[in-house]
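Model, not experiment: these values are computed from the prediction. Just follow the structure's listing: the first ligand is 1, and inside any ligand the first atom is 1.
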Amino acid sequence: MRVAVVGGGLAGLTAAHLLSRAGADVVVLEGSPRAGGKLRRERVGDLVLDVGAESILARRPEGLDLISRLGLDDDVVHPSLGQATVWTRDALRPLPRSVMGVPADLDALRASGILGELPDGRSVPVPDEDVSVRAFLEPRVGAEVVDRLVEPLLGGVYAGHSDQLSLRAAAPQVLALGADPLAAALATEPHPPGTPVFAGLRGGVARLAETLAAGDFELRLDAPVRVVTRTGSGWELAVGPTSAIETITADAVVVATPAPATARLLAEAAPAAAFALAGLDYASMAIVTLVVDGPLAAEGSGFLVPPVDGTTIKASTFSSQKWPWLAEEAAGASVLRASIGRRGETAILHQDDETVVELAAADLRRALGELPPVLASHVQRWGGALPQYDVGHLELVDGVEAAVASVPGLEVCGAAYRGIGIPAVIASAQAAVDRLLGQERIES
Ligand SMILES: Cc1cc2nc3c(=O)[nH]c(=O)nc-3n(C[C@H](O)[C@H](O)[C@H](O)COP(=O)(O)OP(=O)(O)OC[C@H]3O[C@@H](n4cnc5c(N)ncnc54)[C@H](O)[C@@H]3O)c2cc1C
């Protein structure tokens, strides 16, 4: 079977890897000059490091399983167990244990000084229909918990806002707390020490995509797919620059592009899916990386910022304190990264690189005190970076999947559907491949 995979990000590369292992003849068509999508490394000064995704949730198996299958086990690393903090009320304050921002330790919360007053929990019946994270939490734990604890965590994952993001799709762990989320969160046990929550790869998690891209399939770069058409016996794809369109044929197609591209590509083959996907919004953002000549004045792995504090940066990772491999390579220098841009806040992203670096560095100085001299900086812009799982997202995805399932030889996968983190994206590619091959699971 010949399969065309459209999009060479993590989803497309994983699908190609699994399909080729199952014996399919696979071509990956990647529109940009490089594969990997949001998994990407760049040189910043003397260092090569991640400028997109940088850590993998280790509590789900799919990321580490794939790494293992690719023979990268020896390069798996875990972050130093530093205290995460919130930069709010003019200080870096320890982030108390919580369930996606719903406090699980009131003593630690009081000591942190993050909130003006400790929250009073209320029990309110859980609605049958999906609601926004804020609509669910505000009546139960109060606005300040949402503003100063939930928003920064949601912002860190989705770059989105609690009054738009779906409780069911974006914060299922909060929904699982039930009618009285504060009481339920306070009753949770801390995670046992010694079980790492996150993992990375020595050299950067982009190596996962680079290793997949070197797999046993054809990978064509600078190959944007423009039209996907169903023919009597299979599929035709119009590929390449408008001045030199080439037709590629395949028995099946896996579309692993972000929703706006998928919507355009499926317009003829699956119009109902295309229509639904066209309504899926994305947040744009940028990652600013600074290499500075000396140690930082703060400990820990980084901080989040509540949007109510009105800063330019929404989070910062002290990368060389978080990842020991990077500290080794930095040899006395420090690496920090700051993320900029939330949904609907694009003005800052239109500034030139120099201005973006200056604004980020100014915020970092306010948070950390004076920084050592900057040796090198890098701005990675991610337009249309993160899909926004708004209220009703799971129904939207059910509809898309049903429409796609009615078209033989067509599958979709990627961050747009049932999870934007690395393990969820891998799971979505695995599920698409399983459906395509009509088997339960491809074993390694
Ligand atoms: C800055 C940032 C940091 C993140 N950090 C983390 C993290 O630390 N941990 C984590 O788990 N997740 C993180 N994520 C999320 C995660 O990286 C992404 O959700 C995931 O990598 C998306 O993979 P994907 O294959 O679905 O999409 P993408 O990576 O977007 O890949 C889609 C590919 O399709 C290509 N394409 C688009 N249109 C066409 C076309 N017409 N023809 C051909 N090709 C096309 C694109 O060029 C791209 O390469 C982060 C995301 C961002 C943006």
Side-chain angles (χ1 to χ4, degrees), residues 4-16 27-40 50-60 62-64 79 155-159 197-201 204-206 208-209 212-213 219-228 237-241 248 253-266 282-289 302 314-315 317 319 322-323 337-341 349 379-389 412-429 432:
V5 175
V6 186
L10 178 63
L13 292 172
T14 303
V27 58
V28 176
L29 302 160
E30 165 54 44
S32 77
R34 59 204 285 175
K38 273 87 186 187
L39 270 56
R40 175 173 181 147
D50 285 315
V51 294
E54 52 101 49
S55 74
I56 301 170
L57 185 65
R59 290 228 187 92
R60 280 187 68 153
E62 297 90 343
L64 291 178
V157 180
Y158 292 95
V197 180
F198 290 102
L201 280 175
V205 301
L208 172 57
L212 283 167
L219 170 61
R220 293 186 50 181
L221 303 175
D222 289 314
V225 177
R226 305 204 172 261
V227 183
V228 174
L237 295 89
V239 183
I248 286 183
V253 179
V254 177
V255 182
T257 49
T262 310
R264 287 193 295 277
L265 293 172
L266 297 189
Y282 275 65
S284 294
M285 59 180 294
I287 297 287
V288 179
T289 305
K314 67 185 175 71
T317 305
S319 306
K322 180 172 179 182
W323 300 110
R337 72 183 220 160
S339 31
I340 286 184
L349 302 175
V379 178
Q380 180 65 51
R381 291 159 197 278
W382 292 110
L386 295 165
Q388 300 296 298
Y389 290 1
V412 292
C413 58
Y417 305 99
R418 298 188 185 275
I420 69 172
I422 288 170
V425 170
I426 293 170
S428 117

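Of all protein heavy atoms, the one lying nearest to atom 40 (C) of ligand 1 is V225 N, 3.8 Å. Scanning all protein heavy atoms for the shortest distance to atom 45 (C) of ligand 1 gives T257 CG2, 3.5 Å.
Of all the heavy atoms of L39, the ones lying under 4.0 Å from any atom of ligand 1 belong exclusively to the side chain. Contact annotation for V205 and ligand 1: no heavy atom of the residue comes within less than 4.0 Å of the ligand.
Of the N or O atoms in E54, one or more lie within a sub-3.5 Å distance of an N or O in ligand 1. Residue R337 places no N or O, backbone or side chain, under 3.5 Å from any N or O of ligand 1. Geometrically, ligand 1 and K38 share a nitrogen or oxygen pair separated by less than 3.5 Å. Considering backbone and side-chain N/O atoms, S55 comes within less than 3.5 Å of an N/O atom of ligand 1. For I56, no nitrogen or oxygen atom sits less than 3.5 Å from a nitrogen or oxygen atom of ligand 1, counting backbone and side chain alike. Ligand 1 has no nitrogen or oxygen under 3.5 angstrom from a nitrogen or oxygen of P258. Considering backbone and side-chain atoms alike, L386 places every N or O at 3.5 Å or more from each N or O of ligand 1. Taking only nitrogen or oxygen atoms, main chain and side chain alike, L10 reaches within less than 3.5 Å of ligand 1.
Atoms of ligand 1 found under 4.0 Å from any heavy atom of G414 (numbered from 1 in listed order, with element): 26 (O). Atoms of ligand 1 lying under 4.0 Å from at least one heavy atom of G31, given by number and element, are 43 (C), 44 (N), 45 (C). Which parts of ligand 1 touch G52 is read off a 4.0 Å heavy-atom cut-off, strictly below it: atoms 3 (C).
Looking only at distances, no side-chain donor or acceptor of E54 sits under 3.5 Å from a matching main-chain atom of G52. Of the possible donor and acceptor atoms, none in the side chain of Y158 sits under 3.5 Å from a partner among the backbone N and O of I420.
Within the 4.0 Å heavy-atom cutoff, I287 counts among the residues contacting ligand 1.
When L221, I422, I420, V28 are ranked by how near their heavy atoms come to atom 18 (C) of ligand 1, first place goes to I420. One option in A416, G63, A385, A53 has a heavy atom closer to atom 14 (N) of ligand 1 than any other, and that option is A53.
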